[in-house]
Amino acid sequence: MTDVAAGVLALGVALFLGVYLVSVLDRFVSDLVAGHGLTANVFWAGPRRAVLLLLQQPSRTERPDAEAWAFAPALLGALGALGLATIPLAPELPLADNADGIVLFGAAMALVMVAVFLHGWSANSVFPLIGAYRFVALALSYEMPLALVLISAALPAESLSVGEIIRSQTDVWNVIRQPLGLPIYMVTVAGLAFWGPLRLPDAADLSGGTRAEVSGPALAAWEVGRSMVLVAAAAMGAAAFLGGWLGPWLPGVVWMGLKTLVLLVLIVWSGHHLARVRTERFVVVAWVVLIPLALIDVFLSGWLALAAR
Amino acid sequence: MGVTSHRGAGRGAVRDELRRAVGKIAAGSAVPVFPMAGVGGRDAARRIRLSRRLEVVSSPRAANVLLIAGEITPRLLRPAIRIHDQASPPRATLFLIAGGAPEPDVPSKPEAGSNTEVAAVESALRTHAIRDRFFPFAGLVHQESEVEAASRALHRDLVLAERATEPAIQPDRPPLPWRGRGPYGHGGKGMTGGAPYGRPLPERGNDRDGLQLDRLPLRIGPFFPPLVPGLLLDVELHGDVVQAAELGPNPFSGYVGASATCPFMRALASPVRIADLELSRARSHLRWLSDALHALDLSALSIRALALAERLEADNVPLISAELARFSRRLERSRTLTWATRGVGHIRVDQVGDTHGPVARATGVEADARCDDIEYLALGFRPIVHDDGDAWARWRQRIGEARQSLRLVTQAGDRRSGGAGIVEDPRGMIRLQTHTLDSTSQLLPELVTGREWGDAVLAAVSLDLDLERDARLTSVIEEGR
Amino acid sequence: MTIGTDHAPLFADVLFWMLAVGSVLAGWRVFRADSMVRAAYWLLASFAGTAGILLLLHARFLGLILLLMMAGEMTIMAAFMVMFMMNPAGLNPMNMVHQHRTAIIAGVGAFLGLAAVGVFGEFPARPLLDASQVTADLGVELLGDSMMVFETAGVALLATMIGSIALAAHRGRFGPADEGSEPPALVPEAETVRPGDSRDEEQS
């Protein structure tokens, strides 16, 4: 039981740190790109905004589906937490190492579609609704490449456990063994957390998309939930492709944190540099380019894994 | 006072203290502002992006402070009131009314004032009247420089509960009574029942592929953030495809007079320094660039572009020029930007018609009033032309023209141009004699019809419309008659 | 997941009953919901309960895959229902139940039949020795003796998917989708007539 308590505590700390880090990084990159000077404000802006939103009143629309509207941000956050729970942050942390971890991660990330769709649909308003349907198109397109590159990462380990996948990278990381894997995975991460060029459901041309009608605590919860999904996805990227906790000199959990940080910086950077792509263009690219590439990745990885036996 | 109530009071005091402490944390955050631009308020509403203390939000729901910059004309009033009521409490409104501080009951009489000054005072008086009648609790500033401090003060008082939130102006009730039965109630017979929202189900109509789909009529504007202020667009959506679009009336018509501050308007009547004209043109294109980047969710890059525009002065042209060169290289190399804009909002040459300016030149039409100007020709001016006619061509066109303008500024010296009743302003050719109006905005419905909503918005953004300019040209031409 | 009958039988029993009752309740809500989207997601909730029971049975891979697939399936189902029904975006409340008598008889009959199998059927009692072996056994089954069946079905499904995408794609058979396209006329070289276009033609 203490193991479980320790695991839950570690998960909570990791999530909290991760979400805070995302807010700091986002503000930092934004200030840097905008040409503002850098101040200590980057550390406080996120928490201050969260407190401000908690003081705001929630908004009402005409005949919303109130239950689903309240449920959506909670579900998004829970899925982020569940996704992170499948990843052993260090070999010593016992809770996470689930024999089918990568499938559980995939299931959690598939349900993100439900959370975002409900968030947009239940407001009973035009722009959120368009955002919701946009996300369905986006999610159905990135879902397949995501599943395929994660399966490729699992092939050399001959296991669906994330811990085993990390251990299988002792000699060489998957990012080198499967050069196609990480780039495809990072595209799907941007889709999962609808960040950067794939910020389609919450886009400015929809006046905020699925969050156009949301204010106050619900908006704060939505932003936090989105960051949690981003953190979980980045941590999975670090585990599946960058060797997770493996690394010399430093303790495992530090390596894990550093690798996750690198991927987070990449995604947050893209959010301030890369223009939002058109839904249609992304769907075409995902089906015509990403899925075939991901299939090649699966075949090559399987062949290499068989050859190594 | 009993013991229990005393303890209750003590607990209340603790709660107030806690509320205050939390409020103080929140008061330090950037103020979520939703700007609404009326007549003459567009630049000020845009410039709040530059402030780090203010944060422009994309939806009024998330705003604490609503900034109303410039005059609210009658056609803008009802939308402004609706947006006010949509903002989640606590909320406050801040009016920016430029042009002095006339007391509503003491009509100021500019003794030696020109027509323009009289018009400005009248405009301010009208806005004061609207504020008094509909927004009695709203804050008020007269200078753009005061907006930041006033917004912060409003925000601070709101979150510390020292200022009451503004009540809704209109009653909050559905436009028609709910007729469904039960908690959601489909209310009627058959599968879809009657008309639970009190209005009929959408009619169906042919979509672009010949399928029958539900039609959703929708009025966009005049404060829809990605589009230009004042643009009213009645669209009919099939899902997220624009099935039909119609341009609404220009809310600024009749409320904009000739402006003495705009160098292009002055150049119609008398020669103006080419350096001034070109600086103004470059600023305008950079401001457009900022808006366009904002519509693509690149808010940080948008701030960068706007900072270039606002810093640009005659004495720092080489510096800004170099920065713009770096910036434009980066944009033109951006693959996602080309993905987002290439092929979007394509204009054919035969559609150009009465459209001038960068939009026409990005479609391959080499029309530019500067080509006929001996002073410009002496500077070696040749218009930039792109052939593609899509949004990406217009992006490159304006960035290229901004850089060209900066080059002209450095070469122009004291040369002057204008006075012949014809001038090329950043959006097109203005000719007094022929009384033709630039028709860029008329292109819009054709351009967005049959497009997905995202493409439609990017196409509209790429046109760089300015409804205030349209209204001004109309009034100038009418004055000329 | 470390949930298993071998650890705490009582805990597992309580969990099983919660999931089972929750599944049935969610299934009941499917028919009480007044909107296509809500009905689809209640069905997803029902499936989630079933997935939980599969996890309890140590069929972890099956349980998780059920969840993973159903998340997408239900959303697609909702989208398709919305597309086919005259109900804008599934926002208007509507009656989700029709053909009451047939539906009730079929539903009760199926439930009783399955319940009878569950209660009276003889299930083999083979204790699971190594839980981690389940997924591997499943893989051997799928790619061993039953490989032919699954591969045939899989390739057929893939071909269907590719075919439908080719039809629905940007450059479909009716021309580029974003320029608007029309189905060909029924008679060769006749003019295309869209459904509902006759009125416009009379005017012009």
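- Environment of CZ in A:Arg27: sparse, with no more than 12 heavy atoms of neighbouring residues, nucleotides or ligands closer than 6.0 Å.
- Of the two parts of A:Arg281, only the side chain, counted from C-beta on, holds a non-hydrogen atom closer than 4.5 Å to a non-hydrogen atom of chain B.
- Per-residue heavy-atom pair counts under 4.5 Å with chain A were compared for B:Arg304, B:His155, B:Gln86, and the maximum is reached by B:Arg304.
- Residue B:Arg19 touches chain A through its side chain alone, counting heavy-atom pairs closer than 4.5 Å.
- For B:His294, the part sitting under 4.5 Å from any heavy atom of chain A is the backbone (N, CA, C, O) and nothing else.
- Your options are B:Leu296, B:Leu227, B:Leu331, and the one with the most heavy-atom pairs under 4.5 Å with chain A is B:Leu296.
- At a 4.5 Å heavy-atom cutoff, B:Leu293 makes no contact with chain A through either its backbone or its side chain.
- Both the backbone and the side chain of B:Pro89 come within contact range of chain A, with heavy atoms under 4.5 Å apart.
- Across B:Gly28 and A:Arg48, no two heavy atoms sit closer than the pair C-CD, 3.4 Å.
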Decide yes or no on salt bridge (Lys or Arg N to Asp or Glu O under 4.0 Å) for A:Arg49 and B:Glu55, but give the supporting numbers first.
CA-CA 11 Å; A:Arg49 195 173 124 77; B:Glu55 184 199 348; 3.6 Å; yes
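- Interface remark: B:Leu158 contributes no atoms to any contact with chain A (heavy atom separation under 4.5 Å).
- For A:Phe127, the part sitting under 4.5 Å from any heavy atom of chain B is the side chain, from C-beta outward, and nothing else.
- Annotation: the span from A:His272 atom NE2 to B:Ile303 atom CD1 amounts to 9.5 Å, rounded to 0.5 Å.
- From A:Ile130, atom CD1 reaches atom CG of B:Leu216 across 7.5 Å, with rounding to the nearest 0.5 Å.
- Checked by atom type and distance alone, the side chain of B:Arg61 pairs as donor or acceptor with a backbone atom of A:Arg60 at under 3.5 Å.
- At most 12 non-hydrogen atoms from other residues, nucleotides or ligands lie less than 6.0 angstrom from CZ of A:Phe71.
- Contacts of A:Leu274 with chain B are made by both backbone and side-chain atoms, with heavy-atom separations under 4.5 Å.
- Using a 4.5 Å cut-off between heavy atoms, B:Ala87 does not touch chain A at all.
- Contacts of B:Arg91 with chain A are absent, with no heavy-atom separation under 4.5 Å from either backbone or side chain.
- No other option in A:Ala212, A:Gly216, A:Gly209, A:Ser30 has as many heavy-atom pairs under 4.5 Å with chain B as A:Ala212.
- When every heavy atom of B:Leu50 is checked against every heavy atom of A:His36, the shortest pair comes out as O-CE1, 3.5 Å.
- Interface residue B:Ala62: backbone and side-chain heavy atoms are both found under 4.5 Å from chain A.
- Of the listed residues (A:Val51, A:Leu206, A:Leu53, A:Val33), the one with the most heavy-atom contacts under 4.5 Å to chain B is A:Val33.
- A side-chain donor-acceptor contact under 3.5 Å links B:Trp453 to the backbone of A:Asp205.
- If you measure heavy-atom distances from B:Leu298 to chain A, the contacts under 4.5 Å come from the side chain alone.
- Heavy atoms of A:Arg134 lying under 4.5 Å from chain B belong exclusively to its side chain.
- Interface remark: A:Val214 contributes backbone atoms only to the contact with chain B (heavy atom separation under 4.5 Å).
- When each of A:Pro47, A:Ala203, A:Gly271 is scored by its heavy-atom pairs under 4.5 Å with chain B, the top score falls to A:Ala203.
- Note: A:Glu280 CD to B:Arg451 CZ = 9.5 Å, rounded to the nearest 0.5 Å.
- Here the shortest heavy-atom pairing between B:Ser88 and A:Pro58 reads OG-C, 4.4 Å.
- The part of B:Val344 that comes within reach of chain A is its side chain, from C-beta onward, which places non-hydrogen atoms under 4.5 angstrom from that chain.
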Determine, step by step, whether B:Asn64 and A:Leu52 satisfy the side-chain contact (heavy atoms from CB on, under 4.5 Å) criterion, reporting the C-alpha distance in whole Å, the side-chain angles of both residues, the deciding distance to 0.1 Å, and the verdict.
CA-CA 10 Å; B:Asn64 261 21; A:Leu52 174 68; 3.8 Å; yes
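- Side-chain atoms of B:Asp297 come within 3.5 Å of backbone atoms of A:Ala204 as a donor-acceptor pair (strictly under, hydrogens ignored).
- In this structure, no portion of B:Leu308 lies under 4.5 Å from any heavy atom of chain A.
- Heavy atoms closer than 4.5 Å to chain B are found in the side chain of A:Leu219, but not in its backbone.
- Contact detail for A:Gln57 and B:Pro90: the closest heavy-atom pair is N-CD, 4.3 Å.
- B:Arg52 CZ: more than 12 foreign heavy atoms inside a 6.0 Å radius.
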